[in-house]
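Here is how names work: the chains are called A, B, and so on, in the same order as the sequence lines, proteins then strands, and each is numbered from 1.
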Amino acid sequence: MIQPRTLKGFRDHLPAQALARERLLEVARRIYRSYAFAPIDTPALEYLEVLTGKGSDETDKQLYRFVDHGGREVGMRFDLTVPFARFAAQHAHELGLPFKRYHMATVWRGENTQRGRYREFMQCDFDTIGTTSPVADLEMVLVVHDLLAAIGLERFTIRINDRRVLAGILERLGLAGQATGVLRSLDKLAKAGPEKVAAELAEQGVAEAATTTLLEMAQLTGPNAEVLPRLADLAGEGRGGAGVAALEGIVAGAQAAGVPSGRLVIDPGIARGLDYYTGIVLESFLDELPSLGSVCSGGRYDNLAGLYTKQPLPGVGASLGIDRLLAGLEELGQAPARETPAELFLAHFDPAHVNDYLAIAAALRQAGIAVEFFPEPRKLGQQLKLADKRGIPAALVIGSDEFKGGTAQFKDMAAQTAATIDWQGDIATLVAAVRERLAGTAAG
RNA sequence: GUGGCUGUAGCUCACUCGGUUAGAGCGCCGGUUUGUGGUACCGGAGGUAGCGGGUUCGAAUCCCGUCAGCCACCCCA
């Protein structure tokens, strides 16, 4: 016997979880499309050099790599940004700029696992490339907002910052050269606390006065209207000032687009470890589960595909981590409890009427109703019990008596009520009646 | 990858200093009810204690290894 098992960080998805996942994907797809992002797909496997080109040593360590049957050095994608960069470089001339795409796919990272942190997980990226317009930046914020709202989250916060603010302040402090290290340290502020960050900065040779300024900056909190002027003071003119102005524009634009205030917060402490960001950066958190980390992050970059083409491709985009989000929803008890897509259970009551059942099921399905027709003429009680256990919202019972009278019994499983449908043997009438009643059930 | 905690039935957990056939609740299956699901009652199935090795007369219990989950670091979705 081979022991059935899965690798560390790789998971099976049972119906309840898979349904919840698919629902998130559907919502994401709908929102992306509503902003006119177009779908693309790329291979799971790439030439190793394509993936490691940008390679920080960290991503190199996490990369799944091997030599394929043809002796090629290959790697599995660990995010969707690098494949997109390659894709953009390869197809830029056929795309037309600016170009907006979304890409929902599985990625692999050989890192250590934790809750909401897996070795195989799905990302839902969207990016706009070929424009530096602040409108594109704003759009990213709006998409993230609409996405999290459409998923049904009530309490979430999108935190934004602008790398130029950080860069400007670092320049003023004479720390431009060690930006990456300083940003990495600042990024830990929320988790590690100011003392730890101060100590780390000191280790990097940052002067005490500079550390004080940086921490003051990173810990600015309050309503956007209060944070902005204080940030402007710290940032001064030049790049920093431009960053503050950009943030101001985003806040105003988001308000104009109807984002409730409080959901979008300027947080100068958001630095993001990735060093390719050059403008706005964004992270989003579930208010009840901050420890889960960001479920959707992104930002603006100057040049997406510099490794693969001379054509400069500036862009802005973000990535929704649906597996992490799903872990969060589960923990909050907000994941749907259903384990079947069926909307209606059709009891297999009288075996003599199988063909009638099949005809009815076919008509219902034609009408867009997901029907489970029970395959065996088991005891009615058992059938209903199973339908209830699966969480099917409604059941249709038609026995020989009903067939004789041209009626049907429609049961609302959650409400435990039954109603009689009079259809006189006309399937179209039955379908219309079922559809109407389904709209009234809990799932409708 | 480094360090720590955990691993007993489908799920949540118990089993006093290592000591007989490892228990409970929930869930599951069946019956009471050969045409009607959440309650009640009755009955039943299900565990080589993650896996492998060691110590011991004897291991779920102690030790080592391994696999997996979680937590911290790191990094990030």
What nucleic acid atoms does [X] come within less than 4.0 Å of, heavy atoms only: base, sugar-phosphate, or nothing?
| X | result |
| --- | --- |
| A/Asp401 | base |
| A/Met122 | nothing |
| A/Glu402 | base |

Quiz prompt | For A/Phe374, ring-ring contact (aromatic ring centres under 6.0 Å, His included) partners two or more places apart | solution =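 Applying ring-ring contact (aromatic ring centres under 6.0 Å, His included) to A/Phe374 gives A/Phe345.
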Quiz item: Looking only at N and O atoms, is any donor in the side chain of A/Arg5 or the base of B/C67 less than 3.5 Å from an acceptor on the other one?
Solution: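 For A/Arg5, whose side chain was compared with the base of B/C67, there is no donor-acceptor pair (under 3.5 Å).
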Practice problem: Ignoring hydrogens and angles, answer whether the base of B/U36 and the side-chain atoms of A/Gln409 contain a donor-acceptor pair closer than 3.5 Å. | Solution: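 Between B/U36 and A/Gln409, which were checked side chain against base, a qualifying N/O pair under 3.5 Å is present.
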Can any side-chain N or O of [X] pair as donor or acceptor with the backbone N or O of [Y] at less than 3.5 Å?
| X | Y | result |
| --- | --- | --- |
| A/Asp323 | A/Met122 | yes |
| A/Tyr308 | A/Phe87 | no |
| A/Ser319 | A/Gln123 | no |
| A/Arg390 | A/Pro341 | no |
| A/Asn224 | A/Ile266 | yes |

[atom1] atoms of [N] and [M], separation to the nearest Å:
| N | M | atom1 | answer |
| --- | --- | --- | --- |
| B/U6 | B/C15 | P | 14 Å |
| B/A14 | B/G25 | C1' | 11 Å |
| B/A24 | B/G31 | P | 24 Å |
| B/U48 | B/A9 | C1' | 14 Å |
| B/G1 | B/C74 | C1' | 9 Å |
| B/C28 | B/G69 | C1' | 25 Å |
| B/C17 | B/G3 | C1' | 32 Å |
| B/G47 | B/C64 | C1' | 25 Å |

Quiz item: In dot-bracket, 5' to 3', how would RNA chain B read with Watson-Crick or G-U wobble pairs under 3.5 Å, [ ] for crossing ones and | for pairs to another strand?
Solution: (((((((..((((.....[...)))).(((((.......))))).....(((((..]....))))))))))))....
Rounded to the Å, how far apart are [X] [atom1] and [N] [atom2]?
| X | N | atom1 | atom2 | value |
| --- | --- | --- | --- | --- |
| A/Glu330 | B/C11 | CD | C1' | 14 Å |
| A/His103 | B/A77 | NE2 | P | 16 Å |
| A/Arg21 | B/A77 | CZ | P | 17 Å |
| A/Leu63 | B/C75 | CG | P | 18 Å |
| A/Phe374 | B/U36 | CZ | C1' | 14 Å |
| A/Leu380 | B/U36 | CG | C1' | 4 Å |
| A/Arg109 | B/C74 | CZ | C1' | 13 Å |
| A/Gln62 | B/C74 | CD | P | 14 Å |

All N/O pairs under 3.5 Å across the protein-nucleotides 8-10 of chain B interface:
none

Self-check item: Worked check of side chain to side chain donor-acceptor pair (under 3.5 Å) between A/Asp146 and A/Tyr35
Solution: CA-CA 10 Å; A/Asp146 287 5; A/Tyr35 282 82; 2.6 Å; yes
Show me the protein contacts with nucleotides 25-29 of chain B, counting only N or O atoms at under 3.5 Å.
none

Quiz prompt | A/Arg77 and A/Glu46: CA distance, side-chain angles, deciding distance, salt bridge (charged side-chain N to carboxylate O under 4.0 Å, His left out) verdict | solution = CA-CA 7 Å; A/Arg77 62 177 172 223; A/Glu46 297 270 3; over 6 Å; no
Practice problem: Not counting sequence neighbours, which residues clear salt bridge (Lys or Arg N to Asp or Glu O under 4.0 Å) with A/Arg437? List them please. | Solution: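 Per chain and number, A/Arg437 pairs via salt bridge (Lys or Arg N to Asp or Glu O under 4.0 Å) with no residue.
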Do [X] and [Y] touch side chain to side chain, with heavy atoms closer than 4.5 Å?
| X | Y | result |
| --- | --- | --- |
| A/His145 | A/Phe156 | yes |
| A/Phe78 | A/Gln62 | no |
| A/Phe126 | A/Val144 | yes |
| A/Ile31 | A/Phe37 | no |
| A/His13 | A/Arg11 | yes |

Exercise. Taking the six-membered ring of A/Tyr277 (Phe, Tyr or Trp), confirm whether the NZ or CZ of A/Arg300 is under 6.0 Å from its centre and within 45° of its axis.
Key: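 No, cation not above the ring by the 6.0 Å, 45° rule.
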Exercise. Report the residue (A/Leu384 or A/Lys379) whose heavy-atom-nearest nucleotide on RNA chain B is the more 5′ of the two.
Key: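 Here A/Lys379 is the residue nearer the 5' end.
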Exercise. Would you mind telling me which of B/G35, B/C75, B/U36 lies closest to the side-chain atoms of A/Lys411?
Key: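 The answer is B/U36, which lies nearest to the side chain.
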For nucleotides 68-73 of chain B, give me every protein contact, N/O to N/O, under 3.5 Å, one pair per line with atom names.
| residue | atom | partner | partner atom | Å |
| --- | --- | --- | --- | --- |
| B/A68 | OP1 | A/Lys8 | N | 3.0 |
| B/G69 | OP1 | A/Gly9 | N | 2.9 |
| B/C71 | OP1 | A/Arg115 | NE | 3.3 |
| B/C71 | OP2 | A/Arg115 | N | 2.8 |
| B/A72 | OP2 | A/Gln114 | OE1 | 3.0 |
| B/A72 | N7 | A/Gln114 | NE2 | 3.3 |

Quiz item: Can you check whether A/Phe121 stacks with the B/A77 base, using ring centres under 5.5 Å and planes within 30°?
Solution: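 Yes, aromatic ring over the base.
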Quiz prompt | Working for salt bridge (charged side-chain N to carboxylate O under 4.0 Å, His left out), residues A/Glu120 and A/Arg109 | solution = CA-CA 7 Å; A/Glu120 177 180 67; A/Arg109 290 183 197 173; over 6 Å; no
